[in-house]
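Since the structure comes first, as structure tokens, the remarks are kept for the end.
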Amino acid sequence: MIVFATLLALAILLPPLISAMSFAHTVLRAYVVALAGGYGLGKNANAAVAKRPVAKRTPREEPAWDFYLRGQAWRDIVHAHGAGLRALREAISKRAKEIHTKRFADPVGRKWIGVIQYFGMMLGLALACCALLTAGVVAGLSLVVLLGLSYVALYVLRLVDAAMLRIRGITMTCKTCGHRVTEVLYGCPGCKTLHGDVRPGRHGMTHRRCNCGKAFPSMMVLMWFVKPEDKPTLWCPGHRSGDEPHELSGHTGETGEIVLPVFGAPSAGKTQLITVLIIAVETMVTRSGGEFTYADAQSRKEADKARTTLIATSRTEKTAPARQSGVAPPACSVLVSPRRGARKLVHVFDAAGEIFSKPKEIQELEYFRNARTFIFVIDPTSIKPVWEEFDADEQKELDSRRARQEPHVTFSEIVSTMTAMGVDLGRIRLAVAVSKADLIKRLLIDVDTGDSDAIRSWLEGLGQGNIVRRMGATFKEVTFFLTSALTDDHNDAHPSVETFTEQTLADEGLRL
């Protein structure tokens, strides 16, 4: 009896099961083939077209292709599974029509077999759905894990990038507007289109691919290992209202930088001192076996022009306020690679002396916030006791070249404004360069011109005690120098400027 019941059950259930297994295989195969085609695999490949990025960055969009897991992956999933569902519907419709035509529309068809086949279709579809659901859950969990790991990797890469820059003491200062740049723009090395926020993220982990197809690193540390032709240019976004982005100096973000603001009264000799300082850096670095290069074409052009003028006339042109990108012209930026020690990017900022009597314009000199050393240039001929030592003919000759504003006026204005801006002057070194020492040789007979304390005492003896004491009370450290911003017969810097340059940069960690 049990055997008979078992055989009867098999006779009843086996045909629907066979039909169900056959149909489940059919629909699964149709779904998988269509799914593979949706991902671009197989003979019927029909992958989704990737979303093309915008041609130019907007507040919401970047001109870069999405990182696969952060955009295209979801579009591919929707497209591929949509193709699979369409194939599933077609397989069901086709099988249902076949059964209806063969078993119900045909007068000689056996309808009871059609019923069994319809039942098998329903059972097979249930089995296929269970298989697809199981596979979908596994695939979904895998995708969630993969996406989670990508987010972990993303923030780890960002942390590594920031940590490496901090460990190496790398900062980025705009040579045009003087701001410390934290959200740098990248210019594509291919089409020059600007990109923003190029950290690992939506548009790539270690690299970003521009709209033009050119890839470049999305991490600053990777810039150190990229060929020059594959490096993006770095840009400051421009912080003044209506400003266009400013291109940063070459090698910005790859090495530590030194920011040297130079201030003083009009005609104090700031520009001439800077010109000879750059000559001194180049001479001392190459003399010791190191390398010296200008960080950008503009710095080279302006430095060469100033050097040529100085050699021809023993003077440099007066610095004029720059109105296009701020009140001061861009810095002269040089890359210094000493024979020993780390290379540095040196930015020397000059501004017209007239600015230092106008607090509002001083506040626009953002580079003062980023510096650890200030250079204050004093024209000794602006000090009354010194000026009175010249006879009438000498005064007539020097009158057009001397600073008329006494040192304490400029110094007080800059200190007051920097304090109001929140700059902690107590952590900053001050290098005081007394310029035009060649004009006052006879007044320096009893002064040890190479000793900072002797120069300080000499200034105090000229009635500058108040400003000297205020310097000591305001700044972390004050060093005094006597300088003659001239070149010798070989067009090299005067020894006094070499001494000034060597010590000032050594205090910044750059030993020439």
Should [X] and [Y] count as side-chain neighbours, where that means a heavy-atom distance under 4.5 Å?
| X | Y | result |
| --- | --- | --- |
| Phe216 | Val226 | no |
| Pro63 | His195 | yes |
| Pro338 | Ser288 | no |
| Phe368 | Ile414 | yes |

Say whether, by atom type as modelled, one donor and one acceptor occur between the side chain of [X] and the main chain of [Y] under 3.5 angstrom.
| X | Y | answer |
| --- | --- | --- |
| Thr255 | Arg343 | yes |
| Glu62 | Gly196 | yes |
| Asp296 | Ser249 | no |
| Gln405 | Pro266 | no |

Quiz item: Between the side chains of Asp350 and Thr271, is a donor N or O closer than 3.5 angstrom to an acceptor N or O?
Solution: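 Short answer, yes.
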Quiz item: Just checking, any donor-acceptor pair under 3.5 angstrom between side chains of His408 and Gln464?
Solution: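 Per modelled atom types, His408 and Gln464 side chains form no pair under 3.5 Å.
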Practice problem: Just jot down the side-chain contact (heavy atoms from CB on, under 4.5 Å) partners of Ile428, sequence neighbours excluded, or say none. | Solution: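 Once residues adjacent in sequence are excluded, the partners of Ile428 under the side-chain contact (heavy atoms from CB on, under 4.5 Å) criterion are Phe374, Val423, Leu425, Phe475.
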Quiz prompt | Cation-pi geometry met for Arg404 and Trp387 (6.0 Å, 45°) | solution =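 Not flagged: Arg404 not positioned over aromatic ring of Trp387.
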Quiz item: Taking Met220 as the fixed residue, which of Thr252, Val198, Leu234, Ile170 is the one that meets the side chain to side chain contact (heavy atoms under 4.5 Å, CB included) rule?
Solution: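 Only match with Met220 under side chain to side chain contact (heavy atoms under 4.5 Å, CB included): Leu234.
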Self-check item: Partners meeting salt bridge (Lys or Arg N to Asp or Glu O under 4.0 Å) with Asp230 (sequence neighbours left out)
Solution: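 Result, salt bridge (Lys or Arg N to Asp or Glu O under 4.0 Å) vs Asp230: Lys214.
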Practice problem: Please name all residues satisfying salt bridge (Lys or Arg N to Asp or Glu O under 4.0 Å) with Arg511, sequence neighbours left out, ordered by chain then number. | Solution: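 If we apply the salt bridge (Lys or Arg N to Asp or Glu O under 4.0 Å) test to Arg511, skipping adjacent residues, there are no hits.
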Quiz prompt | Evaluation steps, side chain to side chain contact (heavy atoms under 4.5 Å, CB included), between Val409 and Phe411 | solution = CA-CA 6 Å; Val409 177; Phe411 181 81; over 6 Å; no
Quiz item: Closest heavy-atom contact between Pro217 and Leu222?
Solution: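 The pair with the smallest heavy-atom distance is CB-CB, 3.7 Å.
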